[in-house]
Amino acid sequence: MVWVRRDDGCAVPLRRQDDPDAWEALCASGESITTQVDDGAAEKGTWSTSSSSAVHIMTTMLEALDLAAGMRVLEVGTGTGYNAALLAEIVGAENVVSVEIDPGLAEQARGSLRRSGHAEAVVTADGGSGYPAGAPYDRVVATAAATEVPYAWVAQTRPGGRLLVPWGPGVHPDNPLALLTVQDDGTAVGRFIAPAWFMPLRGQRCSARVTAEAEERWARAGRPDRSRYGISVSAGGQRVWLDSPDTPISP
């Protein structure tokens with residue numbers, strides 16, 4: 001089942017058995033497809049809470065990860081399991097662990113992956129804690145937006161490994177992807193690389209007021225390009241900066 005918007009803005013289900021042509025056209029469109037609303041509503045909802053990302057953003061993220069066969073990958077946010085299947089095709093299914101907080105979505109993804117011949121692990125858990133049993137990882141990729149990078153993701157990544165995290169409201173109106181590299185000292189440093197607009201991690205949802213204040217702050221700063229922003233993460237917290245780590249921005 002997927003979800004579409006009515007003219008009044010409400011999301012309603014589009015079931016394959018009810019309208020197979022419309023369902024197939026949407027799934028083949030390459031656009032982002034909402035697969036859950038309001039954390040599990042059945043017949044009508046407002047907020048998209050899970051989706052299958054648009055093909056172009058999945059491509060951007062896979063390219064940014066710079067994957068190679070044999071790399072260990074942690075995915076935070078399984079969703080439909082489609083991106084996990086793509087990761088498995090590149091690095092090997094035995095090297096992918098995907099964590100999903102929603103039990104129903106996790107079970108659906110397991111079934112879809114089994115039917116498609118993939119055997120990577122799907123773990124039902126809060127991905128904010130990573131998955132230490134599978135660490136260390138060469139790559140960690142989140143498929144939901146964060147405003148705080150959990151240090152667990154950094155700690156579970158090898159030095160030289162990459163973290164790719166869609167950003168939530170707070171820095172730039174593009175809600176861009178943050179690409180970080182883990183350093184030998186256990187910190188991670190990186191920059192924002194491309195627009196993304198992902199729905200937030202369940203533990204990091206914010207209000208419309210926070211979004212508006214962030215855009216006002218960006219405008220007062222002269223509307224800097226997203227590529228000028230960077231981020232540093234350590235066990236003591238994170239710092240978002242403009243141009244240089246020496247010029248942090250206020251949250």
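- Contact annotation: the side chain of Thr35 never approaches that of Trp3 to less than 4.5 Å [non-hydrogen atoms, C-beta and beyond].
- To the nearest 0.5 Å, atom OG1 of residue Thr60 and atom CD1 of residue Ile193 are 8.0 Å apart.
- Ile57 CD1 to Glu31 CD: the interatomic distance, rounded to the nearest 0.5 Å, is 12.0 Å.
- A salt bridge is absent between Glu148 and Arg239; no separation between the charged side-chain nitrogens and carboxylate oxygens falls under 4.0 Å.
- The closest donor-acceptor contact from the side chain of Thr187 to the backbone of Gln183 lies at 3.5 Å or more, if one exists at all.
- In this structure, Arg16 contributes its side chain and Asp21 its backbone to no donor-acceptor pair below 3.5 Å.
- Electrostatic pairing of Glu213 and Arg217 does not count as a salt bridge here, judged by no charged N lying under 4.0 Å from a carboxylate O.
- Summarising the local packing, CD of Glu94 is surrounded by more than 12 heavy atoms from other residues, nucleotides or ligands at distances under 6.0 Å.
- Looking at Arg191, its side chain does come within 3.5 Å of a backbone N or O of Ser227 through a donor-acceptor pair.
- Under the 3.5 Å distance criterion, the side-chain polar atoms of Asp102 are matched with a main-chain donor or acceptor of Leu105.
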Walk me through whether Arg110 and Thr124 qualify under side-chain hydrogen bond (donor to acceptor under 3.5 Å, both in side chains).
CA-CA 10 Å; Arg110 288 188 193 100; Thr124 304; 2.7 Å; yes
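- Atom CZ of Arg72 sits about 11.5 Å away from atom OG1 of Thr157, to the nearest 0.5 Å.
- Taking the side chain as every heavy atom from C-beta outward, Val12 and Glu43 never approach each other to under 4.5 Å.
- Trp218 contributes atom CH2, which lies 12.5 Å from atom CD1 of Ile249 (distance to the nearest 0.5 angstrom).
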With side-chain hydrogen bond (donor to acceptor under 3.5 Å, both in side chains) as the criterion, how do Glu215 and His172 come out once you've worked through the C-alpha distance, each side chain's angles and the decisive distance to 0.1 Å?
CA-CA 7 Å; Glu215 292 201 16; His172 191 281; over 6 Å; no
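- Here the two rings, on Phe192 and Trp167, have centers that are under 6.0 Å apart.
- Within 6.0 Å of the CG atom in Asp7, the count of heavy atoms belonging to other residues, nucleotides or ligands does not exceed 12.
- Judged by distance alone, the side chain of Ser48 and the main-chain N or O of Ser50 form no donor-acceptor pair under 3.5 Å.
- Within 6.0 Å of atom CG in Asp184, 12 or fewer heavy atoms from other residues, nucleotides or ligands are found, so the atom counts as exposed in its surroundings.
- A donor-acceptor distance shorter than 3.5 angstrom exists from the side chain of Glu100 to the backbone of Thr78, with no hydrogens or angles considered.
- In this structure a side-chain-to-backbone donor-acceptor pair under 3.5 Å is present from Arg162 to Ala64.
- Under 4.0 Å is where a charged nitrogen must lie from a carboxylate oxygen, and between Asp174 and Arg226 at least one such pair does.
- A donor-acceptor pair is defined here as one N or O able to donate and one able to accept, closer than 3.5 Å; no such pair exists between the side chain of Thr34 and the backbone of Gln36.
- By the 4.0 Å N-to-carboxylate-O rule, Asp39 lies close enough to Arg202 to be salt-bridged with it.
- Val182 has its side chain out of reach of Arg158: every pair of non-hydrogen atoms, C-beta onward, lies at least 4.5 Å apart.
- Panel note: side chain Asp38, backbone Trp47; a donor-acceptor pair is recorded below 3.5 Å.
- The shortest side-chain heavy-atom distance between Trp153 and Pro150 falls under the 4.5 Å cut-off.
- To the nearest 0.5 angstrom, Glu107 atom CD is 10.0 Å from Ser112 atom OG.
- We find the CZ-CG distance between Arg139 and Leu164 to be 10.0 Å, quoted to the nearest 0.5 Å.
- Of the possible donor and acceptor atoms, one in the side chain of Trp197 sits under 3.5 Å from a partner among the backbone N and O of Pro173.
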